[in-house]
Amino acid sequence: MDLAFVQSGLLDKYLDTDVISAEKVAALLKRRGVLDGTPVYLDEETQMPVPPLCEFGRYLSTALLDETTLKDYGRVIGRADDHLAELGSDVLSATESDLVSYRAHRTQWQKKPVGGSVWGRESFVLDDFYGFLVDRKILTHRPARVAARGRNALAPRVRSGMDIRHLTFEQYRYFRDVGLGGQLPDSQVNPTFRGWSPLRDRAGSEWVFCDGSWMSW
């Protein structure tokens, strides 16, 4: 399958037909809300549009995504289809094991594996793609089953480690005096502060954070 993108600015240069003018095509694209960057999927042999995939490209265009994002999302589907073609499959007939194999290819086996954030974005696009196909009755069900808590087999792994960030002294003092003590940033009293015991709260923060007692919690 080949992947192209709508580029209305190139019509004057490359459209060579007496059937319709470049101006009319550009006007039609604008009238239909087909944005530049909208992915168009073409059959390799006939160069004819692949209807279900082009419908998804049209769906992405109606989401008012910017041109770069439209192209990135379009490449996600094209890249997956290219890999699945090597397995004797494609994105329309893929099974869960095909997609799990593709995930492993992207995150482990290819020359430069992608990280969790990149795969997270790609898995989102794939999940949206299959949801679109099911909603349009093109597929009867998604190829990847939904597991516990709504996660599917394509979802990136959840980090189990703690994300610890330390406060600077200035950040801590702001938290203590403004957040707990009811002061304004200029150290004046804040008459709109709705706390009940600012002195106790400040003393509590000093005790918790400054004498090491939190280590025993």
Side-chain angles (χ1 to χ4, degrees), residues 1-95 98-99 101-103 105-107 110-112 114-115 117-144 152 154-156:
M1 184 177 64
D2 292 332
L3 172 62
F5 301 99
V6 173
Q7 295 289 331
S8 58
L10 299 178
L11 288 170
D12 287 329
K13 185 176 181 179
Y14 292 106
L15 184 63
D16 184 17
T17 178
D18 296 329
V19 177
I20 189 171
S21 67
E23 292 77 11
K24 288 185 177 180
V25 174
L28 182 61
L29 291 173
K30 184 177 180 180
R31 170 67 179 82
R32 298 298 184 185
V34 180
L35 305 178
D36 281 353
T38 298
V40 180
Y41 302 91
L42 305 172
D43 183 88
E44 289 185 8
E45 296 183 2
T46 65
Q47 289 299 290
M48 294 296 291
V50 181
L53 274 67
C54 289
E55 287 180 28
F56 180 68
R58 180 76 177 87
Y59 158 79
L60 292 176
S61 183
T62 60
L64 299 179
L65 302 173
D66 60 60
E67 183 175 347
T68 299
T69 303
L70 279 171
K71 290 182 177 180
D72 287 343
Y73 284 13
R75 291 188 186 101
V76 169
I77 304 303
R79 190 162 45 237
D81 191 77
D82 287 343
H83 177 78
L84 293 171
E86 296 177 2
L87 304 178
S89 181
D90 56 54
V91 289
L92 295 176
S93 58
T95 63
D98 291 334
L99 296 175
S101 173
Y102 176 62
R103 180 188 63 186
H105 166 74
R106 288 288 286 156
T107 60
Q110 66 181 22
K111 186 175 181 180
K112 294 182 178 180
V114 300
S117 60
V118 173
W119 176 250
R121 181 171 64 251
E122 294 195 10
S123 67
F124 164 79
V125 177
L126 288 168
D127 188 58
D128 195 35
F129 171 68
Y130 286 113
F132 169 85
L133 296 180
V134 171
D135 289 343
R136 299 304 191 280
K137 310 300 183 183
I138 298 169
L139 293 181
T140 58
H141 61 278
R142 299 169 186 256
N152 62 54
L154 300 179

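Since the structure is predicted, the reported quantities are computational estimates derived from the model, not experimental observations.
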Chemist: What residues form a ring pair (Phe, Tyr, Trp, His ring centres under 6.0 Å) with Tyr73, not counting sequence neighbours?
Modeler: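 For Tyr73, no residue satisfies ring pair (Phe, Tyr, Trp, His ring centres under 6.0 Å) once neighbours in sequence are set aside.
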Chemist: Tell me, please, which residues at least two apart from Pro49 pass side chain to side chain contact (heavy atoms under 4.5 Å, CB included).
Modeler: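 Listed in chain order: Leu42, Cys54.
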Chemist: Suppose we screen for ring pair (Phe, Tyr, Trp, His ring centres under 6.0 Å). Which residues come up paired with His83, at least two apart in sequence or across chains?
Modeler: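 Tyr102, His105.
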Chemist: Hey, could you give me each pair passing ring-ring contact (aromatic ring centres under 6.0 Å, His included) that has a residue in residues 8-39? Not counting sequence neighbours.
Modeler: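 Output for this query is empty, none listed.
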Chemist: Could you tell me which non-hydrogen atom of Val34 sits nearest to which non-hydrogen atom of Ser61, and how far apart they are?
Modeler: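 Smallest heavy-atom distance, with atoms named: CA-OG, 3.6 Å.
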Chemist: What residues, two or more places apart in sequence or in another chain, satisfy ring pair (Phe, Tyr, Trp, His ring centres under 6.0 Å) together with Phe56?
Modeler: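 Applying ring pair (Phe, Tyr, Trp, His ring centres under 6.0 Å) to Phe56 gives Tyr59, Phe129, Phe132.
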Chemist: Distance from Leu11 atom CG to Asp16 atom CG, nearest 0.5 Å?
Modeler: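 Here the interatomic distance stands at 12.5 Å.
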Chemist: Begin from the C-alpha positions of Val6 and Leu35 and carry the test side-chain contact (heavy atoms from CB on, under 4.5 Å) through to its verdict.
Modeler: CA-CA 7 Å; Val6 173; Leu35 305 178; over 6 Å; no
Chemist: Which residue pairs pass the salt bridge (Lys or Arg N to Asp or Glu O under 4.0 Å) test when at least one of the two sits in residues 27-40, sequence neighbours left out?
Modeler: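 Matches after skipping sequence neighbours: none remain.
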Chemist: Applying side chain to side chain contact (heavy atoms under 4.5 Å, CB included), can you list everything that pairs with Thr17, at least two apart in sequence or on another chain?
Modeler: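 So Thr17 forms a side chain to side chain contact (heavy atoms under 4.5 Å, CB included) with Leu15, Val19, Ile20.
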Chemist: Taking only residues at least two apart or on different chains, which pairs with a member in residues 44-72 satisfy salt bridge (Lys or Arg N to Asp or Glu O under 4.0 Å)?
Modeler: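 Those involving residues 44-72 are Glu67-Lys71, Asp72-Arg75.
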Chemist: Could I get the full list of side chain to side chain contact (heavy atoms under 4.5 Å, CB included) partners for Glu23, not counting sequence neighbours?
Modeler: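 For Glu23, the residues satisfying side chain to side chain contact (heavy atoms under 4.5 Å, CB included) (neighbours in sequence not counted) are Asp12, Ser21.
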Chemist: Just jot down the side chain to side chain donor-acceptor pair (under 3.5 Å) partners of Thr107, sequence neighbours excluded, or say none.
Modeler: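 Thr107 satisfies side chain to side chain donor-acceptor pair (under 3.5 Å) with no residue once adjacent residues are dropped.
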Chemist: Can you tell me how far the CG atom of Asp127 sits from the CZ atom of Arg142, to the nearest 0.5 Å?
Modeler: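 It comes to 4.5 Å.
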Chemist: Can you name the side chain to side chain contact (heavy atoms under 4.5 Å, CB included) partners of Leu84, sequence neighbours left out?
Modeler: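 Only Leu87, Ser89, Val91, Ala94, Asp98, Leu99 meet the side chain to side chain contact (heavy atoms under 4.5 Å, CB included) criterion with Leu84.
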Chemist: When you look at Tyr41 and Leu3, which way does the side-chain contact (heavy atoms from CB on, under 4.5 Å) test go after all the steps?
Modeler: CA-CA 5 Å; Tyr41 302 91; Leu3 172 62; 3.5 Å; yes
Chemist: Enter the distance from Ile77:CD1 to Leu60:CG here, rounded to the nearest 0.5 Å.
Modeler: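 The CD1 atom of Ile77 sits 8.0 Å away from the CG atom of Leu60.
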Chemist: Sequence neighbours excluded, which residues qualify as salt bridge (Lys or Arg N to Asp or Glu O under 4.0 Å) partners of Arg106?
Modeler: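 By the salt bridge (Lys or Arg N to Asp or Glu O under 4.0 Å) rule, Arg106 matches Glu122.
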Chemist: Between Leu70 and Pro39, which heavy-atom pair has the shortest distance, and what is it?
Modeler: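 Closest pair (atom of Leu70, atom of Pro39, distance): O-CD, 4.0 Å.
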